Amino acid sequence: MLMASKPSFIFYVLFCFFINTDLSFGGNTLHANESISGDQAIVSSGENFKLGFFKTGKSSKYYVGISYNKVSTQTLAWVANREHYVSDKYSSQLKILDGNLVLLDESKTIVWSTNIKSTSSNVQAVLRDNGNLVLRDEAKSKLWDSLDYPSHTWMPGGKIGTDKRTKNKQLLTSWKNSEDPSPGLFSLEHDPGKDRYLIKWKRSIWYWTSGAWNGQRFSLVPEMNLNYIYNFSYVSNENESYFTYNLYNNLSFISRFIMDSSGQVRQLTWLENTKQWNLFWAQPRQQCEVYAFCGAYGVCQNSLPFCNCLYGFKKRFEDDWSLGDYSGGCVRRTKLDCGNTSTVNGKRDKFWMSSNMVLPDKPQFVSVGSSAECESTCLSNCSCTAYVYDKKCLILMGELVDLKQRSGDDGSGKVIYIRLSSSEFSDDKNSKGLILGAVFGAVVLVILAGLIFFVVRRRRLAKTTKPEGPLMAFLYRDLQNATKNFSEKLGGGGFGSVFKGTLPDSTVIAVKKLEGINQGEKQFRTEVSTIGTIQHVNLVRLRGFCSEGNKKLLVYEYMPNGSLDSQIFFDKRDHVLDWKTRYQIALGTARGLLYLHEECRDCIIHCDIKPENILIDAEFCPKVADFGLAKLVGRDFSRVLTTMRGTRGYLAPEWISGVAVTAKADVYSYGMMAFELISGRRNTEQNADGSVTFFPSWAARVTIDGGDILSLLDPKLGRNANAEEVTTLCRVACWCIQDDESVRPSMSQIVQILEGVSDVNLPPNPKNLQVFVDNQKEVVFYTESSSSQASQTKSMPSTSSSSQSKSISAESSNI
């Protein structure tokens with residue numbers, strides 16, 4: 001019986017094989033006698049990419065595309081039929097027909113094709129491990145490949161360029177929205193005239209440029225030259241000009257480069273532990289720099305939600321807005337009364353005042369003498385939709401596009417008068433009645449207010465000074481008065497602006513107005529209370545806070561000598577920070593970080609150590625400040641997985657790889673800051689001849705080779721410093737910026753070394769500096785900063801080194 005059943009079983013297997021040539025093959029090649037339908041797919045040899053049918057969100061539209069196979073969340077790198085979807089993936093087919101790769105819909109109509117002329121009878125489609133789909137003949141010669149026809153993702157080895165013969169361009173085009181891969185409004189293109197990138201709206205208006213290519217990088221986008229990820233190059237010959245890139249080998253993470261539906265070009269890395277893509281950088285950096293992002297009559301502001309409609313308007317397509325597609329903009333709630341100058345009811349259009357606005361492009365200048373004449377001029381033209389009067393009359397015609405509103409009154413915004421139907425306003429008679437009633441009511445209120453003023457004031461002051469734990473809960477109005485309506489600005493950053501203020505008891509304070517913060521009341525108070533419990537001489541003191549609705553402010557002690565960057569990067573004829581003070585600032589900063597890392601109830605990783613975030617008090621004592629990016633780590637955990645945070649030029653390499661970070665990330669930033677404290681200049685400087693000087697490379701070479709250590713000093717010091725202390729701080733800085741976090745010292749070791757309690761051995765040449773020697777490329781560490789003042793480019797050019805030392809673990813006693 002066993003002998004009899006064996007042939008039957010083999011016959012059954014062979015029968016299934018021959019009748020199912022359309023099943024998922026498990027290989028990377030689609031042959032001429034095969035097709036893909038339904039859930040079938042081909043997978044690249046290294047299993048990095050997969051080709052098959054997909055749909056997005058709740059849509060019933062199907063597309064054929066290449067996705068990241070090792071990413072648990074469906075992510076498309078290339079889409080074939082962006083403009084023509086199919087409704088049934090099981091009756092549709094992707095197959096080779098007449099030498100072309102084609103997609104047939106359920107009615108067997110060709111909806112997409114590679115559209116080439118081929119005489120070969122044995123054509124194959126091969127999905128390679130770099131995500132490139134190649135159509136080749138029997139001799140394995142390339143007939144077509146997907147890299148030449150990118151969608152919204154720039155794949156390694158792909159080109160963004162111009163064919164000089166045909167004038168055709170290879171470009172990236174955004175998706176329409178997060179669930180619709182059809183071509184959107186935004187494209188990343190090559191500008192052949194100036195060898196740069198441009199981002200365009202509707203392929204016509206460009207609103208962002210990378211700056212020209214100088215042979216090593218783009219002048220305005222140092223972020224794109226991440227040496228640990230991308231190796232960019234530019235090629236130009238008689239036939240074509242293009243930019244391309246490759247990924248460096250041995251990457252332990254997945255990265256993608258896309259033209260996003262937000263109108264920004266973005267680079268993201270995949271974090272498997274969190275099952276999400278982490279935004280590494282984006283250009284333009286501010287969402288409202290994207291042209292017409294909010295569509296006609298939509299107003300953009302650089303805080304969530306980014307888009308809102310003008311008064312008197314409503315969203316044109318509500319569903320699209322929910323998917324992040326605001327291009328449809330807004331429409332009027334009521335049609336204009338324009339032209340009805342003699343209507344029965346005598347109504348005419350009126351104007352709604354919108355303050356602090358940035359003017360859209362190309363307003364028309366009209367020579368009139370007054371605001372009333374400007375308004376009348378606009379009313380007399382039915383095409384006029386708004387006007388601005390600011391010593392001169394500007395008329396805005398047609399749809400209002402690319403409107404922006406400033407979040408704060410910095411004087412750059414204008415008042416725009418938006419034309420609306422008269423029905424959008426109250427009736428004139430009713431308005432007069434309301435005005436009379438309001439005046440009468442105001443008189444009564446003033447009398448009542450006079451009677452209860454002192455009682456209310458006493459209660460309010462009592463509430464103001466009521467401590468919440470060690471903190472004070474301030475009222476917004478009191479802080480508004482203390483800062484004279486936020487008139488004296490001390491600085492600003494990504495989370496808000498800081499203003500100088502004075503309390504009734506003459507205490508000088510610094511008030512930070514948080515912008516774009518969407519935390520709930522409970523979460524905000526919990527975080528504030530946590531930071532408020534921190535008390536250390538080298539940490540800036542948080543005196544209190546204000547939380548009234550969306551008004552959230554932090555109140556700090558005032559630092560009269562500003563931040564460290566203002567002390568070392570800017571020439572001050574009346575004062576130069578001497579070496580003794582600099583060394584004490586380095587030691588004090590280390591003590592502050594030691595307290596955060598090891599002496600608090602929870603380990604606190606600051607995540608943004610740089611000169612801008614070290615404040616200097618009247619006695620030149622350093623205080624670590626700005627905990628806007630800080631991350632708390634419980635004592636039961638040694639590391640934390642969090643989204644990218646910090647400032648380019650100070651970021652540890654582990655941020656780039658997306659792995660969980662430890663307090664050693666702060667140690668790396670401290671080392672980079674220490675180099676700047678020594679040299680009195682930014683770590684990266686561009687010279688007059690266009691070359692770039694990277695100070696840490698030079699300092700490491702001098703330190704390791706035993707060169708002239710005082711040559712590293714800020715020239716303003718005139719070599720007036722303790723050579724032993726300079727050597728110690730240089731060695732510590734070199735240890736801090738080691739690529740391997742386990743080799744970096746802890747902050748407690750750094751404090752012991754700077755205090756003279758422990759010695760420091762000669763450090764090895766940091767691996768991330770050696771990369772420059774081997775590859776002679778530039779490296780840039782970047783993400784959005786919590787401080788807008790820290791906007792200097794931090795790139796690392798090639799250097800040479802004649803000496804290397806064996807790595808010594810900083811966790812041992814050898815350091």
Side-chain angles (χ1 to χ4, degrees), residues 150 154 158-162 164 169-174 186-201 203-236 240-246 255 257-260 262-268 279-291 293 361 402 494 647-649 651 682-694 772 775-785 788-798:
W154 191 0
K159 302 175 182 178
I160 302 295
T162 305
K164 295 179 179 178
K169 287 188 174 182
Q170 293 162 315
L171 50 91
L172 300 184
T173 307
S174 66
F186 309 107
S187 59
L188 178 69
E189 305 182 17
H190 168 235
D191 182 4
K194 297 185 179 180
D195 295 338
R196 60 182 181 176
Y197 290 108
L198 299 175
I199 300 182
K200 292 184 178 181
W201 176 77
R203 299 291 310 279
S204 57
I205 298 176
W206 70 268
Y207 56 86
W208 175 86
T209 175
S210 65
W213 177 259
N214 65 9
Q216 293 181 316
R217 63 180 181 176
F218 300 102
S219 60
L220 301 181
V221 197
E223 303 94 309
M224 296 172 69
N225 295 331
L226 288 164
N227 193 284
Y228 281 105
I229 303 176
Y230 298 147
N231 175 21
F232 279 90
S233 60
Y234 176 66
V235 177
S236 181
E240 59 182 345
S241 296
Y242 63 88
F243 292 105
T244 187
Y245 77 94
N246 289 298
S255 178
F257 188 111
I258 64 171
M259 181 67 250
D260 193 65
S262 66
Q264 297 171 305
V265 58
R266 295 182 171 186
Q267 192 242 314
L268 307 102
L279 177 63
F280 192 50
W281 61 265
Q283 288 283 3
R285 294 191 181 109
Q286 297 291 336
Q287 183 62 71
C288 291
E289 293 178 31
V290 175
Y291 181 80
F293 179 67
D361 291 338
D402 201 34
T647 300
R648 59 188 179 194
L651 286 176
R682 295 288 183 183
N683 281 331
T684 301
E685 288 188 340
Q686 187 156 358
N687 304 316
D689 60 358
S691 62
V692 179
T693 300
F694 183 60
F772 318 138
N775 297 296
Q776 295 189 356
K777 294 289 180 181
E778 295 186 347
V779 175
V780 179
F781 298 101
Y782 170 77
T783 189
E784 289 299 329
S785 167
S788 61
Q789 298 175 25
S791 59
Q792 301 295 322
T793 300
K794 292 292 177 289
S795 57
M796 304 179 178
S798 59

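The structure presented is a predicted model; accordingly, all values stated were derived computationally and were not measured.
Rounding to the nearest 0.5 angstrom, the gap separating the CG atom in D191 from the CZ atom in R196 is 4.5 Å. Distance CD1/I258 to CG/L268: 5.0 Å, rounded to 0.5 Å. The structure places CG of D402 at 8.5 Å from CD1 of I205, a figure rounded to the nearest 0.5 Å. To the nearest 0.5 Å, atom OH of residue Y197 and atom CG of residue L171 are 12.0 Å apart.
Between L220 and S210 there is no side-chain heavy-atom pair separated by less than 4.5 Å. With a 4.5 Å cut-off on side-chain heavy atoms, N683 and F694 count as touching. Side-chain contact between F257 and L188: present, with at least one pair of heavy atoms (C-beta onward) separated by less than 4.5 Å. D260 has its side chain out of reach of V265: every pair of non-hydrogen atoms, C-beta onward, lies at least 4.5 Å apart. Between Q264 and Q287, the closest side-chain pair of non-hydrogen atoms falls below 4.5 Å. A heavy-atom distance below 4.5 Å is not found between the side chains of W206 and Y291. Counting only heavy atoms from C-beta outward, the side chains of R682 and T684 never approach each other to under 4.5 Å. Contact annotation: the side chain of P192 never approaches that of K164 to less than 4.5 Å [non-hydrogen atoms, C-beta and beyond].
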Salt bridge (charged side-chain N to carboxylate O under 4.0 Å, His left out) between E189 and K169, worked out: CA-CA 8 Å; E189 305 182 17; K169 287 188 174 182; 3.6 Å; yes
Side chain to side chain contact (heavy atoms under 4.5 Å, CB included) between V290 and F186, worked out: CA-CA 9 Å; V290 175; F186 309 107; 3.5 Å; yes
Audit row: W213, F232, side chain to side chain contact (heavy atoms under 4.5 Å, CB included) steps and yes/no: CA-CA 10 Å; W213 177 259; F232 279 90; 3.8 Å; yes
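With hydrogens and angles disregarded, no donor-acceptor distance shorter than 3.5 Å links the side chain of S187 to the backbone of R203. Between the T209 side chain and the G211 main chain, a donor and an acceptor come within less than 3.5 Å of each other. The closest donor-acceptor contact from the side chain of S174 to the backbone of M259 lies at 3.5 Å or more, if one exists at all.
Taking the six-membered ring where the residue is Trp, the centroids of Y207 and W201 are separated by 6.0 Å or more. Taking the six-membered ring wherever Trp is involved, the centroid distance between the rings of W154 and Y245 falls below 6.0 Å. In this structure, Y242 has its ring center no closer than 6.0 Å to that of H190.
Taking each heavy atom of R285 and E289 in turn, the nearest pair found is N-OE1, 4.3 Å. Between G263 and P284, the shortest heavy-atom distance links the atoms O-CD, 3.9 Å.
For T162 and E240, the side-chain atoms include no donor-acceptor pair closer than 3.5 Å.
Between Y234 and F243, the ring planes are tilted. Angles from 30° to 60° get that label.
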